[in-house]
Protein chains: 2
Amino acid sequence: MSEGVEWAMHSCLNLSWAEPGEAVTARRLAAFYDLPPAYLNKQLQALARAGILSSVSGPRGGFRLNRAPEQISLLDIVVAIEGPEDAFRCEQLLRKGPGGSDDVDYRAHCVISQEMRAAELEWRRALAGRTLADVRATVETRFPHTPEATRDRFVNAPT
Amino acid sequence: MSEGVEWAMHSCLNLSWAEPGEAVTARRLAAFYDLPPAYLNKQLQALARAGILSSVSGPRGGFRLNRAPEQISLLDIVVAIEGPEDAFRCEQLLRKGPGGSDDVDYRAHCVISQEMRAAELEWRRALAGRTLADVRATVETRFPHTPEATRDRFVNAPT
DNA sequence: TTATCTTGGACATGTAATATCCAGAATATG
DNA sequence: CATATTCTGGATATTACATGTCCAAGATAA
C-alpha cells in the first residue's frame, strides 16, 4: 500500500479539527509531518476528486472536509488514494491451463480468485465500518490536548 | 500484491493432485500456465523455505507438498511469498507532529495505525480459515475432471 | 493589481517486482 | 564411476510504479 494513504488519513484527521469553514493549505498540512508539499498536494487533489475534501483556490484557500467526519469511512480514504482495484489481481492463469477457454472470465469463476476476493471483502468491511469520527473520538479520549494543539499548528505553522 | 502469490496458489493446488510421493519440477509447473520457469522456481523456493513444499535435487527431483492440504492455509502461502509485514506500513508520522516524541513507538500507539492493523487482521483471519483442502474440494465439486487433467499434464507436459 | 493557492501536466528519481543467467551442489540412473 | 537432471543461491538486467519536483495556467481574496 502506498504511503499516500497514511498521509491522507492523518491530513483528513487534522482537517477534522480545523475551525468550521476554515481552509488549510497543502503547505500547512505538509508542515505537520515535514512532508513534501507538492506531493502531498497530489494526494489531497485525489481526495478532492473523490468528494472527501473540497478545495478553494487563491488566498485564504486550501482544503477542508467536504462531509461530516461521521460520513467519511476509512475505506473512502483508502479507495480515493489507492483506487478501487483489489490488491490481489487475478491474471486468469487458468486460461492457459488444461481445458482453459478464452471465453470464460476466470476472475469470476476461478476458486482461488474467489477466496482471495472474499478475504479482501472482509478487509473492506472492517474499513467501511470505521469513520473519521470514530478515529477522532478515540484520539480525543486518549489525548485530550490534540484538537487544541492541532488548531494551534494550523494558525502558527512553521516555515 | 505480487503476482507470485497467484502462481504459488495455483502451483500448490496443482501439486495437491500429484501422485503421492511424486515430485514435480519447476519446469513442469511453469508449463501449466506458460510462466517463466526460472522465476517461478524462485517462488517455489520461498514456499520450500516456509516449509510448505519440500524440494528434491537431481533427476526425478522437483517439489512436492510438505504437509497435508488440510494443514496449509491460504495465509501460509501468502506470507511465504509476500512476507509477514502488513500492507499498511506506519511511518510514524506523529513523531514529527506536534508533541511527537522519539521515545514513543507510534506503530503501537497511533490510532490510525491501529485501525489499519485491525482491518488487515480481518483479512488474515479470513485467509487463515481457508485451507488448500477447502479450495481443492470446491474445485473438484465444480469441475470433477480437474484432478485427472492435472495429473495428465504432469506426465505429458508440453516442451 | 498583486500575491496566494489550487490544478494538472511534464519530467526526474528511486525502489521494488519481474525476469534471466550461471556456477555449484545434490542425486537418480546406467 | 560417469552423466544427465534438478534444485540453490547469487549476480545482474529490465520494467513498472511510487515518489518527488517543477512549472504554466486558472481562480480568488485583499
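Quick caveat, the model's predicted, so the values are computed rather than measured. Residue numbers begin at 1 in each chain, while the letters A, B, ... track the order of the sequences. When reading the values below, keep in mind they use all heavy atoms of this one structure, side chains included, and skip hydrogens, waters and symmetry mates.
- Nucleic acid contact class of A:R49 (heavy atoms, under 4.0 Å, all strands): sugar-phosphate only.
- The distance between atom CZ of A:R27 and atom P of C:dT4, rounded to the nearest whole Å, is 10 Å.
- In this structure, A:F32 has its ring center no closer than 6.0 Å to that of A:H10.
- Atom-to-atom, CG of A:L47 to C1' of C:dT6 comes out at 14 Å; the value is rounded to the nearest Å.
- Applying the 4.0 Å criterion to OP1 and OP2 of D:dC7, one finds that B:Q45 has every side-chain N and O outside that range.
- Residue B:R28 contributes atom CZ, which lies 12 Å from atom C1' of D:dT6 at whole-angstrom precision.
- Protein atom CG of B:L40 is 11 Å distant from nucleotide atom P of C:dA19, rounded to whole Å.
- An OP1 or OP2 oxygen of C:dC5 is reached within less than 4.0 angstrom by no side-chain nitrogen or oxygen of A:S55.
- Spacing between atom CZ of A:R60 and atom C1' of C:dT2 amounts to 17 Å, rounded to whole angstrom units.
- Distance, B:N41 CG to D:dT6 P: 12 Å, rounded to whole Å.
- Here D:dC23 presents its P atom at 13 Å from NZ of A:K42, a figure rounded to the nearest Å.
- You'll find the side chain of B:V111 stays beyond 4.5 Å of the side chain of A:L13, heavy atoms only.
- Side-chain proximity of A:S57 to D:dC7, C:dT18, D:dG26: nearest is D:dG26.
- In terms of position along DNA chain C, the nucleotide closest to A:A48 lies nearer the 5' end than the nucleotide closest to the other residue of the pair B:Y39 and A:A48.
- Counting only distance, with no hydrogens or angles, the side chain of A:S113 and the backbone of A:R107 share a donor-acceptor pair below 3.5 Å.
- If you measure from atom CG of A:L35 to atom P of D:dT21, you get 11 Å, rounded to the nearest angstrom.
- Counting only heavy atoms from C-beta on, A:P59 has its side chain closest to C:dA3 among C:dT18, C:dA3, C:dT27.
- Within the nucleic acid shown, B:A26 comes within 4.0 Å of sugar-phosphate atoms alone, with no base atom in reach, counting heavy atoms only.
- Both B:R89 and B:G58 lie near DNA chain D, and the one whose nearest nucleotide falls closer to the 5' end is B:G58.
- Side chain of B:Q92 to main chain of B:Y106: a donor-acceptor pair is present (N/O by atom type, distance under 3.5 Å, no hydrogens or angles).
- Counting only heavy atoms from C-beta on, A:P36 has its side chain closest to D:dG20 among C:dT18, D:dG26, D:dG20.
- Judged by distance alone, with hydrogens and angles left aside, the side-chain atoms of B:R151 form a donor-acceptor pair with the main-chain N or O of B:W17 at under 3.5 Å.
- Comparing D:dA29, D:dC22, C:dC21 against the side chain of A:A38 picks out D:dC22 as the nearest.
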